[in-house]
2 protein chains.
Amino acid sequence: MKKVSIKDVAKLSGVSISTVSRVLTGSAPVSKELTEKVIKAVQELGYSPSSIARSLRNGATKTIGFILPDITNPFFAHIVRGAEDYLRKHGYTLIFGSSDQDKNEENHLLDVLLSKHIDGLLFTGSGDSNPKLLRKIEQGLKVVFLDRIIRGVNSSYVIVDNKKGINLLLDHLIENGHESFLFVNGDKNTFSAKQRHVAFMERMKSGKYKHEHYFTGFSYRAGYNFASQFDDILEFDAILCGNDLIAFGVIDALEEKGIHVPEQISVTGFDDIPFSKHYKPALTTVRQPMYEMGQKASELLLLMIKEQLSTAEGIILDPELVVRESTRRTKI
Amino acid sequence: MKKVSIKDVAKLSGVSISTVSRVLTGSAPVSKELTEKVIKAVQELGYSPSSIARSLRNGATKTIGFILPDITNPFFAHIVRGAEDYLRKHGYTLIFGSSDQDKNEENHLLDVLLSKHIDGLLFTGSGDSNPKLLRKIEQGLKVVFLDRIIRGVNSSYVIVDNKKGINLLLDHLIENGHESFLFVNGDKNTFSAKQRHVAFMERMKSGKYKHEHYFTGFSYRAGYNFASQFDDILEFDAILCGNDLIAFGVIDALEEKGIHVPEQISVTGFDDIPFSKHYKPALTTVRQPMYEMGQKASELLLLMIKEQLSTAEGIILDPELVVRESTRRTKI
DNA sequence: CTGTTAGCGCATTCAT
DNA sequence: ATGAATGCGCTAACAG
């Protein structure tokens, strides 16, 4: 590529490079006359300042990193979009990487992003505590955790009220006569899966309801495999799933067994990815405000950067029950 | 954030900064003794070289930009994932931006990415010719167009054989007795929609088949609205849709009208996003190798960068017919 | 093999 | 209001 630098502009307009810099950044007053000359030269040359040189000089890159499990998962894609829109509006660029929940990949990505001198990090990692990240935070790296919190880290986060989400689902099911529940949850080491597990068990401890709980994985495949292999599944009135993808897998496996949803058994999801509305049967689920999560997290992060906040702040968003066709009123 | 630089490492290990640089880059031999000292200091300090300083020095950022319509669209998310995986394996990082097909946003993104000194660009833009981009390409910017080519630009690209895709669909439909076709296409100004339109009209020009063609938009909404408002839709044996999302919208609108797919009318999609397999009815469509497109495009781009190729190369991937449940054999 | 030095493009002192 | 000089962190050319 070519290389028109501030020098070229200075030369063409017949001023010093500092003057050029001043008109471009507005950091100090410049006479109208010279300003015009500079602007003209800039246009003529199609010059645009090197933000990498600027970064080196200013110590800020106006770039935010985002480490997430998989951009291919609509849940994350929507969060990313929320972050992207907010950040761009405020002059920041987003650089991201999919980690596939892999600890090594996660660390590698962290190194890469750090070496790129990101100003802040949005992080949705595997559940395990990450010493390297922890250390960087202590050293001043601004991070906000999204959807998942890492144990032992006292930092900012944006999550959804998982307990409330589970209770919304259970309320709906119980009001409609359900009395026994099977919970097909996501990855065991994951923050959200754990929270949902706890909420579920708490609600069940009255002993009034028959129930079982299993950790699997947050994917269609995991749901499908689980339901395919699980015998006597009709002993339950309802199956709660760790997310919508699991629910899709469960429903498909059930139908293959000749079991109809919701006529014979109710199934619920979690997330409300856009597709859930169009699934057959349309999924009863709990909506997480994905786009908003991305926005809020970015807002929080930019605030931390701007104000040099070391204090952590947490935002807990409200989930919303969405009743559709995959749950029914039992005969009782 | 803190700032442990190469100087700190040099000081701690008692060598010069060039020695540190040499062991880190392997650009020149260093005695075992000093190497060890340096490595130890690096670990102790948790030092990682500033790739922004490196970029400034080397003139390469090891960063690739990707401008696309919307990361939230699974079609693009999968392409991005393919690109991401390939690029990361080769030491490159991906910066992306969603343009929503908006010309201004597209240009703004281009400026931002350029100022970040990306080494190359993956581009899926609105269909219209983009003079600014054109100019940058002439100035040496390495670009590969993905899925969509811009008119008047002679650059590298990776697309799918749209004509073949349409013919695969039409072959399947015709073999199964269909004789009249309605094509609900995507955005009119888009390269792929145009290609598919041409392929369709060419096949129809024999006059043997009743047919109509309309441009709408590449979204669920567009398909839904179109089908809701279209009267006498049952005069056609089959509806071809510009992509899977449109097909979903069409099918839903049809069902609301009490028209059953495929019993009363066949519907096809284009893309084969992962969800199409699980739709009810499972969608007959044409698979675009999305992940592979991202990979190939990245491979091509890195090649252009490495070899300083100015010559353009085009890769046309083969689409694949996927017959599922949304098409039937007509009685005839 | 190793240390010293110049300079990548820019913003910011410090002079004037 | 303007120009000259300095340094951000790093690599490569230049001396030993």
**Q** What pairs with B:K306 under salt bridge (charged side-chain N to carboxylate O under 4.0 Å, His left out), at least two apart in sequence or on another chain?
**A**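 By the salt bridge (charged side-chain N to carboxylate O under 4.0 Å, His left out) rule, B:K306 matches no residue at all.
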**Q** Calculate, to the nearest 0.5 Å, the distance between atoms CD1 and CD1 belonging to B:I64 and B:I305 respectively.
**A**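 Nearest 0.5 Å value for the CD1-CD1 distance: 4.0 Å.
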**Q** For residues 30-43 of chain A, which residues have at least one heavy atom under 4.0 Å from DNA chain C?
**A**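 Per residue number, the list is empty: none.
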**Q** Give a yes-or-no answer on whether the side chains of A:K116 and B:T63 include a donor-acceptor pair shorter than 3.5 Å.
**A**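 A:K116 vs B:T63: donor-acceptor pair found between side chains.
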**Q** Per the end-axis method with five pairs at each terminus, what is the bend angle of the helix from C:dC1-D:dG16 to C:dT16-D:dA1, to 10°?
**A**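 Computed from the C1' atoms at both ends, the axes differ by 50°.
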**Q** Quick check against the 3.5 Å criterion: does A:D70 have a side-chain atom that pairs as donor or acceptor with the backbone of A:T72?
**A**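 Checking the backbone N and O of A:T72 against the side chain of A:D70, a donor-acceptor pair under 3.5 Å is found.
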**Q** To the nearest 0.5 angstrom, please state how far the CG atom of A:L301 sits from the NZ atom of A:K296.
**A**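 One finds 14.5 Å between CG of A:L301 and NZ of A:K296.
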**Q** Evaluate the criterion salt bridge (charged side-chain N to carboxylate O under 4.0 Å, His left out) for residue pair A:R81 and A:D85; output intermediate values, then yes/no.
**A** CA-CA 6 Å; A:R81 192 57 149 94; A:D85 287 354; 2.6 Å; yes
**Q** CG of A:D147 to CD1 of A:I159: how many Å apart, nearest 0.5 Å?
**A**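 Going from CG on A:D147 over to CD1 on A:I159, the span is 8.5 Å.
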**Q** Name all residues meeting the salt bridge (charged side-chain N to carboxylate O under 4.0 Å, His left out) criterion together with A:K132; count only those two or more places apart in sequence or in a different chain, and write none if there are none.
**A**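 Only A:D111 meet the salt bridge (charged side-chain N to carboxylate O under 4.0 Å, His left out) criterion with A:K132.
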**Q** At what distance, to the nearest 0.5 angstrom, does CG of A:L122 lie from CD1 of A:I67?
**A**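 Between atom CG of A:L122 and atom CD1 of A:I67 there are 10.0 Å.
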**Q** Under the rule for salt bridge (charged side-chain N to carboxylate O under 4.0 Å, His left out), what residues qualify as partners of B:R88, not counting sequence neighbours?
**A**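 Residues passing salt bridge (charged side-chain N to carboxylate O under 4.0 Å, His left out) with B:R88: A:E105, B:E84.
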**Q** Have a look at A:V20 and say if it touches a base, only the backbone sugar-phosphate, or nothing, with a 4.0 Å heavy-atom cut-off.
**A**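 No contact at all - A:V20 keeps every heavy atom at 4.0 Å or more from the nucleic acid.
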**Q** Determine, for nucleotides 4-10 of chain C in 5'-to-3' order, which nucleotides have protein heavy atoms under 4.0 Å from the base (write B), from only the sugar-phosphate (write S), or from neither (write -).
**A** B-BBBBB
